[in-house]
Amino acid sequence: MMKKVFVCVVCAVLWGAVCVPVFSAEKDSAPVTQKKKGFLGFGASAPAQELGSGTLFLRNAAGTKAVSHEMQALYFPTQDEAVLKFRSFGMNNFACFDREMRDALREAFESYKSDFSERRLDDRNKKSYKAYVTLYGKYRWGVINGASVAKPKTHLGYRFIKGRPYFCITYEETLAEHPGQSDKNAEFFRGNWLLLSRSQIAALEPLIDEQKISGLMQKPFPEEEEAEDENDGYKGYVPE
């Protein structure tokens, strides 16, 4: 009987020795504050500005159909990024357009509309998806926010789906730069196609108009005036 009691006491002491420091460390340590990422992980220094809303097409899982999706256009002054937000396969997706991408999109839109009018779009051209320009874009995605970030090679061109031509933004597969912690598959970006009809292009162009965006850019905060010190200039003893 004494052995059993002794074993129990030893176990209790050892368990307490292991557990107590863990709880006391949480109790005694100073609270840890996490820096806010801001809206959707885009930064907290300036709120998002809503540019408008509309629709775009995404391919289905088989890549054989163009499916319409609602999208919201936002502008983030801190990053100088226009963002198209939409949902696909249960995820929030954010196509981010910096100034370089916006300029490239405008030029590509004009080329596409000209090619469409002049009937130069060729459904036999297997490289039509990169007919206009190739550059590196930025793409965010996540279950709730845009925690995962990738900067994939991005092509501007067109694709034919079911015999119909669409302007296409093609994002290639790549590894994420900042993988989301909650999604085990977030470290790999599987690529995407954003498909636009001519009417959708016409609706999107004014939303990412540079004059409109320039009016939304973040203005610097006014510098705080230095408060006058009531003891300024006094050389003697100043009581605390």
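Heavy atoms only: backbone and side chains are in, while hydrogens, waters and symmetry mates are out.
- The number of heavy atoms from other shown groups lying within 6.0 Å of NZ (K151) does not exceed 12.
- Tracing side-chain contacts under 4.5 Å through hydrophobic residues (I, L, V, M, F, W, Y), one never reaches F116 starting from I161; they form parts of separate clusters.
- Using a 4.5 Å heavy-atom threshold, the side chains of L51 and L74 count as separate.
- Not one N or O on the side chain of N192 forms a donor-acceptor pair closer than 3.5 Å with the backbone of R190.
- A 4.5 Å side-chain heavy-atom check between P77 and Q49 finds at least one atom pair inside the cut-off.
- Residues T154 and M101 approach most closely at CG2-CE, 3.9 Å, considering heavy atoms.
- By the 4.5 Å heavy-atom criterion applied to side chains, Q211 and I213 are not counted as neighbours.
- At least one side-chain heavy atom of L121 sits less than 4.5 Å from a side-chain heavy atom of Y112.
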E70 vs S53, test: side-chain hydrogen bond (donor to acceptor under 3.5 Å, both in side chains). Steps then yes/no. CA-CA 8 Å; E70 294 183 354; S53 60; over 6 Å; no

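- There is a path of hydrophobic side-chain contacts, each under 4.5 Å, that joins F86 to Y171.
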As a quick check of understanding, evaluate side chain to side chain contact (heavy atoms under 4.5 Å, CB included) for L195 and L56, giving each step before the final call. CA-CA 6 Å; L195 304 164; L56 50 76; over 6 Å; no

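- With values rounded to the nearest 0.5 angstrom, D123 atom CG is found 14.5 Å from R164 atom CZ.
- When each of F109, Y158, F57 is paired with F167, the ring pair (Phe, Tyr, Trp, His ring centres under 6.0 Å) condition holds for F109 and for no other.
- Remark: Y166 OH to F160 CZ distance equals 11.0 Å, nearest 0.5 Å.
- Distance check: D209 CG to L204 CG gives 11.0 Å after rounding to the nearest 0.5 Å.
- Proximity of a side-chain donor or acceptor of E110 to a complementary backbone N or O of E107 within less than 3.5 Å is not detected.
- Put simply, the residue from R87, R140, K85 that forms a side-chain hydrogen bond (donor to acceptor under 3.5 Å, both in side chains) with N92 is R87.
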Candidate pair L58 and V67, rule side chain to side chain contact (heavy atoms under 4.5 Å, CB included), full reasoning: CA-CA 5 Å; L58 301 174; V67 182; 5.5 Å; no

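- In this structure, the side chain of K153 does not engage the main chain of T174 through any donor-acceptor pair within 3.5 Å.
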Carefully, step by step, assess T170 and R159 under the rule side-chain hydrogen bond (donor to acceptor under 3.5 Å, both in side chains). CA-CA 10 Å; T170 302; R159 294 179 186 268; 3.2 Å; yes

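- Considering all non-hydrogen atoms of both residues, I208 and A82 come closest at CG2-CB, 4.1 Å.
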Side chains of residues 129-137: which donor-acceptor partners sit under 3.5 Å, not counting sequence neighbours?
residue: Y132; atom: OH; partner: D115; partner atom: OD2; Å: 2.9
residue: T134; atom: OG1; partner: H155; partner atom: ND1; Å: 2.8

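- Side-chain rings of W141 and F189 approach one another, their centers coming within less than 6.0 Å.
- Proximity of R106 to E205: side-chain heavy atoms (C-beta onward) are nowhere separated by under 4.5 Å.
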Apply the test side chain to side chain contact (heavy atoms under 4.5 Å, CB included) to residues F188 and L175: give CA-CA distance (whole Å), side-chain angles for both, the deciding distance (0.1 Å), then the verdict. CA-CA 5 Å; F188 185 75; L175 293 176; 3.7 Å; yes

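- Across all their heavy atoms, F76 and A48 have their closest contact at CE2-CB, 3.4 Å.
- Minimum heavy-atom separation, S88 to N93: N-ND2, 3.6 Å.
- The side-chain heavy atoms of F97 and L105, taken from C-beta on, include a pair separated by under 4.5 Å.
- Ion pairing of D80 with R102 is present here, as a side-chain N (NZ or NE/NH1/NH2) and a carboxylate O approach within less than 4.0 Å.
- Of all non-hydrogen atoms in P206 and A202, the two that sit nearest each other are CD-O, 3.1 Å.
- In summary, E81 and K138 engage in a salt bridge, as defined by a charged side-chain N under 4.0 Å from a carboxylate O.
- A donor-acceptor contact shorter than 3.5 Å links the side chain of S128 to the backbone of N125.
- Residue C168 comes nearest to W193 through the heavy atom pair SG-CB, 4.0 Å, listed as atom of the first residue, atom of the second, then distance.
- A side-chain hydrogen bond (donor to acceptor under 3.5 Å, both in side chains) with D122 is found for one member of R124, K126, R120, R119 and no other, namely R124.
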Working for side chain to side chain contact (heavy atoms under 4.5 Å, CB included), residues K65 and K162: CA-CA 7 Å; K65 294 182 180 179; K162 294 290 185 180; 4.2 Å; yes

